[in-house]
Amino acid sequence: MKKNVLIGGAWPYANYLMHIGHLAALLPGDVIARYYRANKCEVIYVSGSDCHGTPITQRAIKESKKPEEVANYYHQEFIKTLNKMNFTYDLYTSTMDEEHKHLVQEYFKKMLDNGYIYEKEESQDYCEKCQKYLSDREIVGICPHCGKQSNAEQCDNCLTNVNASEVKDKYCVNCQTATVMKGNKHLYFKLSAFQTKLEQYVDKSDNTWRKQAISEAKKFLKMGLIDRAATRQLTWGIEVPVTGYEDKRIYVWIEAVLGYLTAGYRVANTKGIDFDKFMTSTSLSTYYVHGKDNITFHAIIYPALILALKNNYQLPKYNISCDYVNMDSQKMSKSKGNLITVNELMEKYAVDTIRYYMIAYGPEKKDVNFSYSHLIQSHNKFLVGILGNFVNRNLSFIIKKFAGTITASTVDLAIKKETKEKYQQVGSLIEKGELKNAIESVFEYITIGNKYYDENQPWIKVKENIEEFNKITYTCIYMIANISNLIEPFLPDTAHKLKEILALVGESAWEEINIEGITKIDAAPLLFERIEEESLEE
C-alpha cells in the first residue's frame, strides 16, 4: 500500500521578518518531505502565515495601516524567504485566505453541533478610557509564576501560558489605565472534556514525539485542562458563524492550528485525493514541525480540536518540536533586538551552508547558542574539508589525467554493501525525526569515501596498475552519485550540482544509484569555497 504522509510546518506570525529560530524549527519539515517524496509516498506538505490577532492590529495602529496591509507584507516576505531557502511546500497559504476562512467556519459549526462549543457569560477585563473589552495581548500585568511583567496570554520571561484572571495589577497596554471587570458573552471550547483521552494519547506517544514535547504536554495535562474562550472581542479575524456574535471573531488559537486541515484539504483536492480517506488511512504518518513555544498547541489543543470534529482523523503521530536558538544564551526577541533574520544570514552565506548548520547544530534536543564563528568552522570542516574534498580530488584527477573519461569497472563490494545499508540507516533516522543523527550518518559515509581514496592511493595505482586504478575511480564515482541522493533532503543545491556534473537524469529516488551509463565528466567545479573568519570583522 502506498504510504500517506501529512507534514505541517508551524505557521509563523506575520508581524515581523522570519528569524533563524523560525528556520531551525521549520527546516525539519522540508527534509522529511523531500525524503518521503523520494520514496514515492503520497506527501501533503503545508504551512502558512498566521495573520490574525492583536499584535498585528497593534502594529497596524502604530504604522497607520490596515491590519491586512501589515499581515500581507510579512506573508509575502515569508514566501520569498522560504523559496530562497528551498522549502518545497505543496501549499504555503495564510489565514487571510478565503477558503481557509470558509473551512474554519465549517469546522467551528461542526464542533458546536457536536456539543464542544458553548455560550458563557463572565467578567472580562474592560478599559473604561478606551471603552472596549481587552484581548489577552492588550492586558499587561505581573506574571503569577515568575513575578515579571507579562501579558495575559503568555509570559515572555518564564514562557508559561497564563490566564487573564491570574495576572496581577493589570492595565491596558494602549492607554496604561487600570482595567475593570465587566460582564461579556463569549463562546467557549470544552477542552476539559478531553483530559482523559489526551492523557492516554500522550502516554502512547513516547516513541514518536521528541522528549521536550512529551514533557511539556504532560506538564500541561497535570495542571488540569480548562475550557478556553473560542471567540475574541476583535474586528480583525474570521467571523463567528453564530448569530449574535457579529462583533466578535474566532480566537486565533483555534483557526490557526486548523490551518493544517484547511491547507491539507486544498492540496488533496488539487491532487484528486479524498482528504477524509487520506486522514483516516491506516498507512498515514503525520508530522507536525514547530518550536518549543508551540508545543502546547500541537500536543494538546490541536488534537483536542480534531477529536471534537469526530472525523476519526489521525492525531499527530510525530511531534517534531525544536528548542530555541539563542543569542548570548538569551531567547531571540524583537523587543530585545537580539535576533538575526534569515534574510540577513542568506546575504552572507550559501543556502546549503545555512541548512547544514541548522540541521547538524540546531536545537533538536536542547537550546543552542548561534555563532557566526561556529557556522564558518562547520562549513570549512564538513562541507569543504569532507564533502568538497572527496568530490573535488576525484573529479579533478580524472579531468587532469584522462580529460574526464571514466573507464567502466566494478564497484568495491564492501562499499556497495555500506551504501545499501546507509540508505536504510539514514532513512530510518529521518522517519523518526532524528535529523542531526541522519546528517551525521551521511557524513560518516563521505568520510569512508575519503578513507577509501587515501588507503588505495589512486595517484600511485594510475602508474602501476591501471585496472586497479579504474576500480578505485569507478567506486568513488559510484559513491559520489549516491552521495548526491543521500544529501538531497538536507542540501538540495549541492545535490543538484553533483547530479549535473554526473549527468544523472530523472527524479530522485531513495535507492542505490548504479553508474553504468556514466562515461565522462566535463567539469569539476568546487562545491564549496573556504570561508575565512576574518570576514566576521566586516
Side-chain angles (χ1 to χ4, degrees), residues 10 13 21 25 53-55 58 122-127 133-174 176-181 186 188-189 191-192 194-195 198-199 202 209-230 232 251-254 256-257 290-304 319 321-336 338-339 363 365-368:
Y13 197 64
T54 308
Q58 290 175 337
E122 64 175 27
S123 295
Q124 185 179 344
D125 287 274
Y126 185 82
C127 178
Y133 291 99
L134 300 177
S135 66
D136 294 344
R137 288 263 180 171
E138 293 177 306
I139 302 166
V140 178
I142 303 301
C143 173
H145 303 283
C146 69
K148 303 289 186 180
Q149 189 180 73
S150 170
N151 62 47
E153 183 176 61
Q154 185 185 56
C155 177
D156 286 336
N157 181 63
C158 67
L159 305 178
T160 305
N161 290 316
V162 295
N163 188 285
S165 62
E166 301 174 311
V167 178
K168 303 172 184 176
D169 302 329
K170 294 177 284 186
Y171 61 89
C172 171
V173 74
N174 301 307
Q176 286 72 54
T177 301
T179 66
V180 298
M181 303 307 292
H186 277 281
Y188 276 72
F189 177 68
L191 182 62
S192 60
F194 302 101
Q195 176 81 35
L198 290 176
E199 285 175 345
V202 172
W209 289 14
R210 287 187 176 168
K211 288 183 179 180
Q212 63 268 54
I214 291 288
S215 61
E216 285 294 314
K218 287 185 175 180
K219 183 170 71 175
F220 197 81
L221 286 165
K222 189 175 181 180
M223 292 189 291
L225 299 183
I226 58 174
D227 297 350
R228 294 171 64 109
R232 294 188 89 179
Y251 216 135
V252 69
W253 65 262
I254 287 185
V257 290
H290 52 273
K292 182 163 62 176
D293 51 352
N294 270 322
I295 287 175
T296 302
F297 295 102
H298 291 83
I300 303 295
I301 304 298
Y302 179 54
N319 258 323
S321 50
C322 287
D323 283 355
Y324 292 133
V325 178
N326 294 328
M327 296 293 294
D328 299 322
S329 299
Q330 289 187 322
K331 181 189 174 187
M332 285 191 294
S333 159
K334 293 189 294 290
S335 60
K336 293 178 182 176
N338 67 339
L339 59 76
K365 296 180 180 178
K366 61 181 181 180
D367 292 355
V368 298

**OP:** Would you tell me whether D125 and Y171 have side-chain atoms, one donor and one acceptor, within less than 3.5 Å of each other?
**Re:** no
**OP:** Supply the atom-to-atom distance F220 CZ to I300 CD1, rounded to the nearest 0.5 angstrom.
**Re:** 6.5 Å
Original post:
Hey, what do you get for CG (L198) to CG (L191), rounding to the nearest 0.5 Å?
Top reply: 7.0 Å
**OP:** Calculate, to the nearest 0.5 Å, the distance between atoms SG and CD belonging to C172 and E138 respectively.
**Re:** 6.5 Å
Original post:
Taking the side chain as C-beta and beyond, is there a heavy-atom pair between V173 and Q58 under 4.5 Å?
Top reply: yes
Original post:
Got a sec, which residues hit side chain to side chain donor-acceptor pair (under 3.5 Å) with N151, two or more places apart in sequence or on another chain?
Top reply: none
**OP:** Answer yes or no: is there a side-chain heavy-atom contact under 4.5 Å between V368 and Y324?
**Re:** no
**OP:** Starting at CD of Q124, measure out to OH of Y133 and round the result to the nearest 0.5 Å.
**Re:** 7.0 Å
**OP:** Could you walk me through whether N294 and Y302 pass the side chain to side chain donor-acceptor pair (under 3.5 Å) test, one step at a time?
**Re:** CA-CA 11 Å; N294 270 322; Y302 179 54; over 6 Å; no
Original post:
Heavy-atom distance under 4.5 Å between the side chains of K170 and L134, does that happen here?
Top reply: no
Original post:
Got a second to check how far S321's OG is from Q212's CD, nearest 0.5 Å?
Top reply: 4.0 Å
**OP:** If the plane angle is over 60° it's perpendicular, under 30° parallel, otherwise tilted; pick one for W253 and F189.
**Re:** perpendicular
Original post:
Looking just at side-chain N and O atoms, do Q195 and E199 make a donor-acceptor pair shorter than 3.5 Å?
Top reply: yes
Original post:
Salt bridge or not for K365 and D323, using N-O below 4.0 Å?
Top reply: no
Original post:
Taking only residues two or more places apart in sequence, or in another chain, which ones meet E122 in a salt bridge (charged side-chain N to carboxylate O under 4.0 Å, His left out)?
Top reply: K120
Subject >> Spatial distance of atom CD (E216) from atom CH2 (W209) [nearest 0.5 Å] >> reply: 11.5 Å
